[in-house]
*Asks:* 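There's a structure below that I have some questions on.
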Amino acid sequence: MKIDITDRPFDPWQCIQTHQRDALEPGSHGAMTVFVGSMRDFNEGDEVQAMELEHYPGMTERFLQRLADEAGQRWSLLDLLIVHRVGYLQPGDPIVLVAVWSAHRLDAYEANRFLMEALKSRAPFWKKEQTSCGPRWVEKNTPGYGA
Amino acid sequence: MKIDITDRPFDPWQCIQTHQRDALEPGSHGAMTVFVGSMRDFNEGDEVQAMELEHYPGMTERFLQRLADEAGQRWSLLDLLIVHRVGYLQPGDPIVLVAVWSAHRLDAYEANRFLMEALKSRAPFWKKEQTSCGPRWVEKNTPGYGA
Amino acid sequence: MIQVRYFASLRERIGRDTDSVEATRVRTVADVWQVLHPQQPMPANTLCAVNMDYVDPSSPVTDGDEVAFFPPVTGG
Amino acid sequence: MIQVRYFASLRERIGRDTDSVEATRVRTVADVWQVLHPQQPMPANTLCAVNMDYVDPSSPVTDGDEVAFFPPVTGG
């Protein structure tokens, strides 16, 4: 299990391959799910030119670690990897990667969705967009499920 | 949108990167989900040494194309990619890749899950395992949701 | 003529992957099976397709159709 | 002493990222805000943490705690 908060651009596919090579036996996992959230070049009808992602160092890691532990208790997982970008981003940059390895697809899907929903609703990150109308804080994430 | 049935080993991360580079604008998609199903080296308590994956050429492609069309009607998607292996497989080989690009995570999660559930329950593929106790056809896929 | 295809364990059990039937001898998918395998009822979980679309065994067949019989699918 | 941290738009609104309060002057998280911002009620959607765990504003604070105030989160 790995949780990484990074202020450098990351390649989600490279992260997955590296983690899989280092941490998982081939033939052990039947199912894996991935979510990648990337920075779009528009939001709320406006062009977005850049983004700054702030976090609460210490609390963010602690929160994600607890989420990962909870996912591991609720579902049968072989491994998971969470990478989240902070700092200055350009459109198209990956923001978040959640990868879950399991024997079976139900666990892999459910755990991935749980991690993303909890991350988006509670993990202490904040986005500030640089738009054509000036800088603005994103006020609220779109609700995912049950909203 | 791309659907590929291949009798050669494939690298899901390479397939995703190639498709994303060729078919998607960076900054256009906020959310993507991936499912990768791989061949395990055990099943039903037995070691599995190799696998043969049969399909119904023509019907399989047609069925997956319809699924993709249905997903595109039910959810707001930017693109999708389905790759499925046939022929002779070794443990650890990827069997299936479903990748979905969308503006929002709910669509990306729901469409991916829909595609995999429908693929597993209805797409004409059949697995024959070479186990330590001899060859055997897999009789039934494990139910995913609602079972 | 109606072309018939078998897949996977059903193909192995029958011992061949294709058959054909005179269209005049059959009205439905179930008839196709019955004519080709009079001693052997269609296995309970057999899936049927006509021209690569899933159908019920009671579906009609016409000259030139491709009928397929196969066991539950196990892809993905 | 109680250390206080602000993040994101709340940090910008307040104009600094840290504060501190004598522990003897406060009993709860809400008191911390009140002592530091007597003219300014805590914004309705403000989230509070003590020692990096989410808490209600009514939660107690003790000497040495780190209290944080921040707006709704928008990561992922």
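Just so it is clear, the values below take in all heavy atoms, side chains as well, and ignore hydrogens, waters and symmetry mates. Here is the naming used below: chain letters follow the sequence lines, and residue numbers restart at 1 for every chain. These numbers were taken from a predicted model, which means no experiment stands behind them.
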*Asks:* If we ignore hydrogens and angles and just use 3.5 Å, is the side chain of A:Lys127 paired with the main-chain N or O of D:Gly76 as donor and acceptor?
*Replies:* yes
*Asks:* Among D:Arg5, D:Glu66, D:Glu12, who wins on heavy-atom pairs under 4.5 Å with chain A?
*Replies:*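 With the most close heavy-atom pairs to chain A, the winner is D:Glu12.
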*Asks:* CZ of A:Arg74: more than 12 outside heavy atoms within 6.0 angstrom?
*Replies:* yes
*Asks:* Can you say whether A:Thr60 sits under 4.5 Å from chain D via the side chain, the backbone, both, or neither, judging by heavy atoms?
*Replies:*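 It is neither, since no heavy atom gets under 4.5 Å.
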*Asks:* Does OH belonging to D:Tyr54 count more than 12 external heavy atoms closer than 6.0 Å?
*Replies:* yes
*Asks:* With D:Phe7, which residues qualify under ring pair (Phe, Tyr, Trp, His ring centres under 6.0 Å), at least two apart?
*Replies:*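 D:Phe7 satisfies ring pair (Phe, Tyr, Trp, His ring centres under 6.0 Å) with A:Tyr56, A:Trp126 only.
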*Asks:* Which pair of non-hydrogen atoms, one from D:Val73 and one from A:Asn141, has the smallest distance, and what is that distance?
*Replies:*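 Closest heavy-atom pair between D:Val73 and A:Asn141: O-ND2, 3.7 Å.
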*Asks:* Please classify the contact between D:Asn51 and chain A as side chain, backbone, both or neither, with a heavy-atom cut-off of under 4.5 Å.
*Replies:*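 Backbone only.
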*Asks:* Using a cut-off of under 4.5 Å for heavy-atom pairs, which of A:Lys128, A:Arg122, A:Met116 has the most such pairs with chain D?
*Replies:*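 Most pairs with chain D among the choices: A:Arg122.
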*Asks:* Give the interface residues of residues 41-55 of chain A toward chain D, defined by a heavy-atom separation under 4.5 Å.
*Replies:*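 At a heavy-atom separation under 4.5 Å, chain D is reached by A:Glu54, A:His55.
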*Asks:* Does atom CD of A:Glu25 have more than 12 heavy-atom neighbours from other groups under 6.0 Å away?
*Replies:*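 Incorrect, the count does not exceed 12.
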*Asks:* Are there more than 12 heavy atoms of other residues, nucleotides or ligands under 6.0 Å from atom CZ of D:Arg16?
*Replies:*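 Yes, the 6.0 Å shell around CZ holds more than 12 heavy atoms from other groups.
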*Asks:* Between A:Phe63 and chain D, with a heavy-atom cut-off of 4.5 Å, which part of the residue counts as in contact: side chain, backbone, both or neither?
*Replies:* side chain
*Asks:* Between D:Phe70 and A:Pro124, which heavy-atom pair has the shortest distance, and what is it?
*Replies:*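 So the minimum-distance heavy-atom pair works out to CZ-CB, 4.5 Å.
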*Asks:* At a 4.5 Å cut-off on heavy atoms, which part of D:Ala8 comes close to chain A: side chain, backbone, both, or neither?
*Replies:*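 Both backbone and side chain of D:Ala8 come within 4.5 Å of chain A.
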*Asks:* Quick one: of A:Lys140, A:His84, A:Arg136, who has the most non-hydrogen atom pairs under 4.5 Å with chain D?
*Replies:*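 Option with the top pair count is A:His84.
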*Asks:* Of the backbone (N, CA, C, O) and the side chain (C-beta and beyond), which part of A:Lys120 lies under 4.5 Å from a heavy atom of chain D, both, or neither?
*Replies:*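 Both backbone and side chain.
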*Asks:* Find the distance between CE (D:Met52) and CD (A:Glu61) and round it off to the nearest 0.5 Å.
*Replies:* 8.0 Å
